[in-house]
**Q** 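Below are the structure tokens for one structure; questions will follow.
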Amino acid sequence: MLLEVNNINVYYGAIHALQGISFNVNEGEIVTLIGANGAGKSTTLRTVSGMIRPRSGSVVYKGEDITMTACEKIVVKGISHVPEGRKIFAPLTVRENLEMGAYTRSDRSEIAASMERVFASFPRLKERINQLGGTLSGGEQQMLATGRGLMSRPALLLLDEPSMGLSPLLVQEIFRIIKEINSQGTSILLVEQNASMALSIASRAYVLETGRIVMEGKASDIANDPKVKSAYLGI
Amino acid sequence: MDTFFLVASLVKIIAILAYIYGLLWVMGHANRWVKIGGIVLAFAVVQLALTPFGDFQILTAFDQGLLYQACAMTMVALGLNLIYGFNGQFSLGQWGFYGIGAYCAADITYRWINGDSRGLIVVAFGVVLVALAIWGIGKFLSRYRGIPVMSSFTLYLLGTVAAAAVAVFIGNALQPLLQPALGTPENPGWLNSEIALQVVFFLAVILAGAFAAIVSFLFGLPVLTLGSDYFGIATLGFTIVINTLMINSDTILPFPEMKGGRGMIGIPKLTTWFWAFAFMVLVIIVMRNFIHSSTGRTVMSVREDETAARAMGIDIAGTKLLSFVVGSLFAGLAGGVYAHYIGFLSPGTFDFLVGFNPLIIVVFGGLGSMSGTVAASFGWIFFLEGLLRVILSQMGTEAPTWRFVLYPIALLLLMLLRPQGLLGNTEWGFLKAKVIPLKVEK
């Protein structure tokens, strides 16, 4: 098992944001967390990547407890977080943004190889290699953020709302690429509001409601569940 | 009003700015020998202008003072630009570190010429021992995860106090041995010869920088966890605390030679154009190499977006602390240079209101532009202290006060017309980033 989250409790001040969440991600899987606004999806990702600390519970990655490990060391271990709202470095060029993603690595030729792989997945970025990050369109910025996340050569990629603010066509494109990245061997933990898209590419899914997991199972089963259908898929 | 003087002053300011541009250009020259020769030439040109030929002297003693002030201001402002412009931490504490550096260096040389070696020995051993203690504690703490910042701060503080106590002990033990070689002010020994004094001055300035850096480390550790605005207020408080300590240095601190609010007199005037120039060039080189290194890019990424920087695997707290410490180090060096130029330190110089000057210079020159900071430091000193003070003083006795009305108006206009500062993001010559050719194969 690649990632195992056991019964974590996270608080924002007095607010009990995650109330005993447990889930796991296996090697080579796409696992998605779906749920409404404020259900705790992003908080879960932030806990896994070490940006916030749980009050109790544990995060185990490749058999090692990383609950209290510093964020920057978690990146070295192979978990890469693509934060919500893209958060690219606007005054840096596309190339420099990608180089920032490889900050924890030092081998220049391997970094160049990783950049080539990113350009293979996102040919659009190669066309705009010397353009400033801030001048890219929303979809291109998302591609850049995802590509930057891949530059640290992660075993597990945490994607937070990759479809936010994108046109339906671009959403399809992004999800096609996510699937492609996964087929090349990177496991993915995906947080999405666009539940139907997420369920269509994921192998397993967890449904979050106000800080608890209320349902889990194979993505196809969840997609066919009448409750999920009415609550999240709008069918 | 003397028209000739006005024109001459304006020409002087333009010449100074052209000089800065030329210096940065030649420092960035590809050929190493041209580079070194250019720096020596840049030094010699001003040295020549400062040398009197009979009655004729291009730069007067007054201009010389302005030059030293401008060099010191460049170092302070570059440090602040690193903290505020490049790392995005709004700091008002730079002036406090400048003051710490000035008093520290002044105390070392003052004691030395008065036959007391303890200033130098205690600070030298103190800096080395504290650095070792901090390094050791840091190593020890890195083995544990999730330690609250206040706990690690307490450990660092205890380590510092212990190391400082050892340094004081060593100083007291070595003093009797060195006493004969130092001699008395009336009858100086060989350790107080001209050359030895220059070495002591150099060490004093370096140690003043290191001392300010250590203080900034201890202060920054807990305070940098605050958000940007709160950090600004905390650092303002720091400057006020330092100023109050200076005013009471002879009563609540054990330094009678600093004479508290009356001001410290009798500091040897050891700063020459050579030292001012050398330290300024050193700071510019260190700053430029720091900013264009991968650590420098980390510093900037923290300013742009902390979440994204963390997701890249950057140690946010460590990066903030590093830039704060390096920036304060520059301020400490500048303080040492300033103290030995002016020969007299008054707490009024380090008042927090004056402490806004480097901030104004940094914003004026352009946040995140090193060339802008250097040019603005020189232009600002020569404009405000050189031109306005002299011109206005010819209009009446109270008129010089008007420069504090005139230059805020100039600032206001600049902020309205050019909010990114004079130079924005542009860099000159040496300070430009080297563009590494793209190595992506087709």
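Residue numbers start from 1 in every chain, and the chains themselves are labelled A, B, ... in the order their sequence lines are given, proteins ahead of strands.
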**Q** Which distance, rounded to the nearest 0.5 Å, do you find between the CD1 of A/Ile88 and the CD of B/Glu304?
**A** 10.5 Å
**Q** Tell me the closest heavy-atom pair linking B/Asp305 and A/Phe89, and the distance in Å.
**A** O-CE2, 4.1 Å
**Q** Is it the backbone or the side chain of A/Ser152 that comes under 4.5 Å from a heavy atom of chain B, or both, or neither?
**A** neither
**Q** What residue in A/His81, A/Glu84, A/Met100 has the most heavy-atom pairs under 4.5 Å with chain B?
**A** A/Met100
**Q** Over all heavy atoms of both residues, which pair between A/Pro83 and B/Ala308 is shortest? Give the atoms and the distance, please.
**A** CG-CA, 4.4 Å
**Q** Heavy atoms only, distances under 4.5 angstrom: which of A/Met68, A/Met151, A/Glu99 has the most pairs with chain B? Name it, please.
**A** A/Met68
**Q** Do the non-hydrogen side-chain atoms of A/Glu72 and B/Asp315 ever get within less than 4.5 Å of each other?
**A** yes
**Q** In terms of heavy-atom pairs under 4.5 Å, which option from B/Ala309, B/Ser301, B/Ser294 contacts chain A the most?
**A** B/Ser301
**Q** Quick check: are there more than 12 heavy atoms from other residues, nucleotides or ligands sitting under 6.0 Å from CZ of A/Arg124?
**A** no
**Q** If you count heavy-atom pairs within less than 4.5 Å of chain B, which of A/Val75, A/Ile74, A/Ile79 leads?
**A** A/Val75
**Q** With a 4.5 Å heavy-atom cut-off, do B/Met312 and A/Arg148 have their side chains touching?
**A** yes
